[in-house]
> 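Below are the structure tokens for one structure; questions will follow.
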Number of protein chains: 2
Amino acid sequence: MSDELPALPWERSRRRAAPARVPLTAERIVDAAYAVLDREGYEKLSMRQVAAELGVAVSALYTHVSGKDELLELMYIRLFKGWELPEPDPARWREQVADFARESRGRLLEHRDLARISMGGMPFSPDVLPQMERLFSLFRTAGLPDYVAAAAGDIISTFIDGFAYEESMWESRQRESDQTAWPDMRASLRQYFADLPPERFPALTALADHMLPESRDERFELGMEIIIRGLASFAEETARNGGGAGDAGGGS
Amino acid sequence: MSDELPALPWERSRRRAAPARVPLTAERIVDAAYAVLDREGYEKLSMRQVAAELGVAVSALYTHVSGKDELLELMYIRLFKGWELPEPDPARWREQVADFARESRGRLLEHRDLARISMGGMPFSPDVLPQMERLFSLFRTAGLPDYVAAAAGDIISTFIDGFAYEESMWESRQRESDQTAWPDMRASLRQYFADLPPERFPALTALADHMLPESRDERFELGMEIIIRGLASFAEETARNGGGAGDAGGGS
DNA sequence: TCCGATTTGAGAACAGTGTTCAGAAGGAGC
DNA sequence: GCTCCTTCTGAACACTGTTCTCAAATCGGA
């Protein structure tokens with residue numbers, strides 16, 4: 001090829017600026033992936049799109065990330081970054097569980113379609129151990145028997161993830177075929193249930209007014225309230241059967 | 001081509017047998033799709049695979065089914081076929097709800113990865129109205145306030161679908177990289193939690209023995225028990241506050 | 001300062017995917 | 001016999017994740 005003449009100063013700095021100024025890292029790839037996700041949605045989140053976002057060839061990604069699966073996993077792990085759960089307070093465990101759930105859903109909903117990545121995910125990464133510790137500690141101080149405390153996190157997470165996933169699906173289905181907005185949709189569905197033959201569908205017609213929630217938040221709150229009450233009944237049971245000394249909580 | 005001489009009898013029946021005996025229908029496409037799903041799994045369930053299963057060109061499917069989305073929807077709807085819920089019995093509502101949940105999970109697990117299709121699905125098809133009626137009737141006769149009865153189905157389904165989805169994901173992840181089987185995996189994860197520094201992770205180390213369930217069924221049962229107890233607390237509350245005679249609803 | 005070794009990005013390619021479209025085959029009705 | 005219309009085919013398009021070879025840039029050491 002040509003001799004290795006020194007480049008002109010401005011060219012030199014330009015040369016350095018464009019290609020190598022910011023080296024490609026897994027971190028930057030995750031950043032770009034989030035940008036694509038928020039802008040385009042889960043369906044269009046492809047390796048090529050991520051590469052384009054970085055102005056880089058697709059194959060370049062594969063030196064920093066083993067594949068799309070790992071990329072999604074890294075995106076998922078970032079969910080927990082900077083999330084510090086409060087010190088468990090036995091007297092306020094119900095609110096604390098509810099707060100955890102809200103925060104969890106909030107983070108899931110913060111980025112479009114992120115819930116779809118999170119599902120079936122929990123790869124037991126050491127990064128999430130502190131949060132797990134706080135959460136399980138919360139269940140223990142609430143007075144739950146060990147076997148319930150150990151399962152509660154799993155069960156609640158399943159509900160939250162499932163809930164957020166369904167929200168995400170619903171939202172994207174809404175988006176793609178710009179149907180009527182939710183208030184209209186809700187009204188017409190309510191009417192649909194109300195107009196069913198009452199002799200064949202007594203329960204559906206009777207409940208028509210309550211079938212469709214006014215907002216997803218409302219449903220979520222009720223769901224969590226049900227689960228928390230269920231947990232509380234285990235705690236009360238334990239307290240009655242001689243859980244006794246120390247932090248005998250006691251319900252309402 | 002050749003003149004239209006009458007075919008010989010056996011040829012005639014053979015001729016009818018191969019290409020045109022069974023006309024392509026949405027029903028047969030769904031059958032084939034289920035066959036592919038069970039054999040190959042969700043990831044490899046493609047229109048081309050389905051077409052190959054039927055010995056037909058891909059594009060032929062599109063005259064009977066608008067696209068892959070609709071095909072998945074049709075597969076989902078078949079889930080409910082031949083599923084008759086029992087007459088609600090107020091005295092046994094807890095068992096009946098648990099039975100519904102078990103049946104639901106069972107149907108989801110009957111076909112590999114079916115849970116992955118079901119999520120975010122419930123397209124309010126009229127086909128499922130009878131089942132919905134029975135379910136909501138069950139919640140009403142259990143003495144739940146209307147706004148809870150109307151949400152209970154949604155909330156329980158979210159949990160069940162999410163649970164089955166996670167099971168499906170876990171199973172397929174297990175399958176692809178033939179890692180150690182669950183008992184071994186469980187043992188080593190238990191050890192991992194047990195070996196954490198107790199001063200930093202008191203709850204995790206204390207709960208190590210119960211963190212990983214012996215079987216998924218156990219976890220599922222506990223999850224449903226928690227939700228059912230939560231629902232029960234609403235029913236009791238209503239009963240105390242003068243639910244009294246008949247089924248006088250009346251919110252607070 | 002230079003030079004070899006090693007890492008990192010580029011470009012093309014492979015085997016897939018969902019979907020669409022012009023055209024051929026088949027059957028129904030006259 | 002002939003149309004008409006539905007159904008199916010084969011090829012094509014625009015994508016997808018991943019892998020491969022090869023060139024470019026970077027870094028360590030002399």
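Every chain is numbered from 1, with letters handed out A, B, ... down the list of sequences.
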> How long is the line joining NE2 of A:His64 and C1' of C:dT8, in whole Å?
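Atom NE2 in A:His64 sits about 6 Å away from atom C1' in C:dT8.
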> Can you pull out how bent the helix from C:dT1-D:dA30 to C:dC30-D:dG1 is, comparing the axes over its first five and last five pairs, to 10°?
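One end's axis against the other's: 10°.
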> Please report, rounded to the nearest Å, how far the P atom of C:dA25 is from the CG atom of B:Leu24.
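It is 19 Å, rounded to the nearest whole Å.
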> Using 30° and 60° as the class limits, which term best fits the ring planes of A:Tyr165 and B:Tyr165: parallel, tilted or perpendicular?
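Ring orientation, 0 to 90° scale: tilted.
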> Taking the basic N atoms (NZ, or NE/NH1/NH2) and the acidic carboxylate oxygens, is any pair closer than 4.0 Å for A:Arg102 and A:Glu221?
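Between A:Glu221 and A:Arg102 there is a salt bridge, with a charged N closer than 4.0 Å to a carboxylate O.
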> Would you call B:Glu167-B:Arg219 a salt bridge at under 4.0 Å N-O?
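Judged by the 4.0 Å cut-off on N to carboxylate O distance, B:Glu167 and B:Arg219 do not form a salt bridge.
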> How long is the line joining CG of A:Leu71 and P of D:dT16, in whole Å?
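One finds 14 Å between P of D:dT16 and CG of A:Leu71, rounded.
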> Can A:Val97 and A:Ile227 be said to form a side-chain contact (heavy atoms from CB on, under 4.5 Å), step by step?
CA-CA 10 Å; A:Val97 171; A:Ile227 292 179; over 6 Å; no
> Rounding to a whole Å, what distance do you find between A:Tyr42:OH and D:dT16:C1'?
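Spelled out: OH on A:Tyr42 to C1' on D:dT16 is 13 Å.
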> Sugar-phosphate atoms are those with a prime plus P, OP1 and OP2; base atoms are the rest. Using that split, label each nucleotide of nucleotides 13-21 of chain C B, S or - for protein heavy atoms under 4.0 Å, 5' to 3'.
B---BBBBB
> Hey, is A:Arg78 close enough to A:Asp31 for a salt bridge, meaning N to O under 4.0 Å?
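Here A:Arg78 pairs with A:Asp31 in a salt bridge, since their nearest N and O are under 4.0 Å apart.
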> Hey, what's the ring geometry for A:Phe80 with A:Trp83, parallel, tilted or perpendicular (30° and 60° as the breaks)?
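A:Phe80 vs A:Trp83 ring planes: parallel.
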> Can a salt bridge be assigned to the pair B:Lys81 and B:Glu27 using a cut-off of 4.0 Å between side-chain N and carboxylate O?
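Salt bridge flag = yes for B:Glu27 with B:Lys81.
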> Enumerate the residue pairs fulfilling salt bridge (Lys or Arg N to Asp or Glu O under 4.0 Å) with a member in residues 208-217 of chain B, sequence neighbours excluded, ordered by first and then second residue.
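Sorted result for residues 208-217 of chain B: A:Asp154-B:Arg216, B:Arg105-B:Asp217, B:Arg190-B:Asp209.
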> Expressed in angstrom and rounded to an integer, what is the separation of A:Glu73 atom CD from D:dG17 atom P?
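Checked: the CD to P distance equals 17 Å.
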> Starting at CG of A:Leu72 and ending at C1' of D:dG17, how long is that distance when rounded to a whole Å?
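Interatomic distance, CG of A:Leu72 to C1' of D:dG17: 12 Å.
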